[in-house]
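First comes the structure, then the notes that go with it.
Whatever order the structure lists them in is the order used to number ligands and atoms, beginning at 1. The first residue in the sequence is number 1, and the count goes up from there.
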Amino acid sequence: MSTLEIHQIPTRSDNYVYLLRETSSGNAAVVDPSDAEPVLETLDMFGWNLTHVLATHHHDDHVGGVPEIKEATGCTVVGPKADRDRIPMIDVEVADGDTYRLYEAEAKVWDVPGHTSGHIAYWFAESQALFCGDTLFALGCGRVFEGTFEQMYDSISKFKEVPDETWVYCAHEYTMGNAKFALHVDPDNTELQAYAMQIQHRREAGVSTVPSLMGLERRTNPFLRADDPALASVLGMDGKSPVDVFAEIRTRKDNF
Ligand code: ZN
Ligand code: FE
């Protein structure tokens with residue numbers, strides 16, 4: 001086991017691509033490369049050698065750069081078994097419960113369907129890093145395109161296993177919009193109010209709000225609080241199941 005150095009590359013209007021570097025060598029992996037050019041330029045600038053792509057799901061803003069990156073570097077492409085036909089050039093298929101070894105680091109893989117049916121997440125426990133693609137966002141969660149609300153709720157519930165000190169490396173800078181919605185449904189949460197203020201200051205300064213800390217998300221992200229009776233009560237849903245509460249919050253966000 002060993003820890004990885006993580007470097008964030010902003011791409012497109014609001015995507016985040018991540019480079020994971022093994023500190024003892026010049027080797028690096030890239031998570032969800034939307035585009036090849038910014039990734040290859042960054043590798044060049046740092047003098048790092050790309051060995052792997054880790055993909056979370058088939059959307060173009062996550063794997064659009066894969067063919068060109070593979071052609072340029074000859075790297076190994078790791079991706080969801082369930083999406084083998086939708087993601088170009090997968091060499092290594094991974095699925096729920098697998099442990100994927102990247103250099104000396106180990107990632108636990110979860111199937112997290114809902115946003116897409118084949119979506120997976122990678123948790124590098126020792127690096128305290130969760131790469132969750134479009135499943136969980138800072139103060140939000142992904143839209144449910146290819147699954148049911150119940151599936152999406154079960155998917156984000158898998159993240160209960162990760163400690164509070166884990167950094168949530170989601171794939172988009174959606175935090176400001178998510179904060180406005182979170183405050184709309186949970187207006188009296190003082191920790192959320194403080195977090196939203198901090199987010200606003202960071203965005204005004206042009207600074208990334210990602211990654212966020214799982215512990216803070218657990219106390220402020222309404223989608224992670226669907227099983228909290230206090231939030232159900234605020235929503236007028238006393239006694240409803242966490243899945244029902246989650247579905248209600250997700251539906252309200254879709255229409256916000
Ligand atoms: Zn997506
Ligand atoms: Fe996306």
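Applying the 6.0 Å contact sphere to CZ of R202 captures more than 12 heavy atoms from other residues, nucleotides or ligands.
Note on H62: counted as a metal contact of the Fe ion (ligand 2), an N/O/S atom lying under 2.8 Å. Residue H172: an N/O/S atom is found under 2.8 Å from the Fe ion (ligand 2).
Per residue H115, closest N, O or S atom to the Zn ion (ligand 1): atom name NE2. Nearest N/O/S atom of D134 relative to the Zn ion (ligand 1): this is OD2. Nearest N/O/S atom of H59 with respect to the Zn ion (ligand 1) is recorded as ND1. Note on D134: its N/O/S atom closest to the Fe ion (ligand 2) is OD2. Looking at D61, its N, O or S atom nearest to the Fe ion (ligand 2) turns out to be OD2.
The residues D111 and K158 are annotated as not salt-bridged, no charged nitrogen and carboxylate oxygen being separated by less than 4.0 angstrom. One finds no salt bridge joining R143 and D134 here, because no Lys/Arg side-chain nitrogen approaches an Asp/Glu carboxylate oxygen to under 4.0 Å. Under 4.0 Å is where a charged nitrogen must lie from a carboxylate oxygen, and between R86 and E146 at least one such pair does.
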Note to self: If you apply the rule salt bridge (charged side-chain N to carboxylate O under 4.0 Å, His left out), what do you find for E161 with K108, and how did you get there?
What the structure shows: CA-CA 11 Å; E161 197 182 320; K108 180 165 186 173; 3.1 Å; yes
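The backbone N or O of K81 lies less than 3.5 Å from no partner atom in the side chain of E93, so there is not a single donor-acceptor pair.
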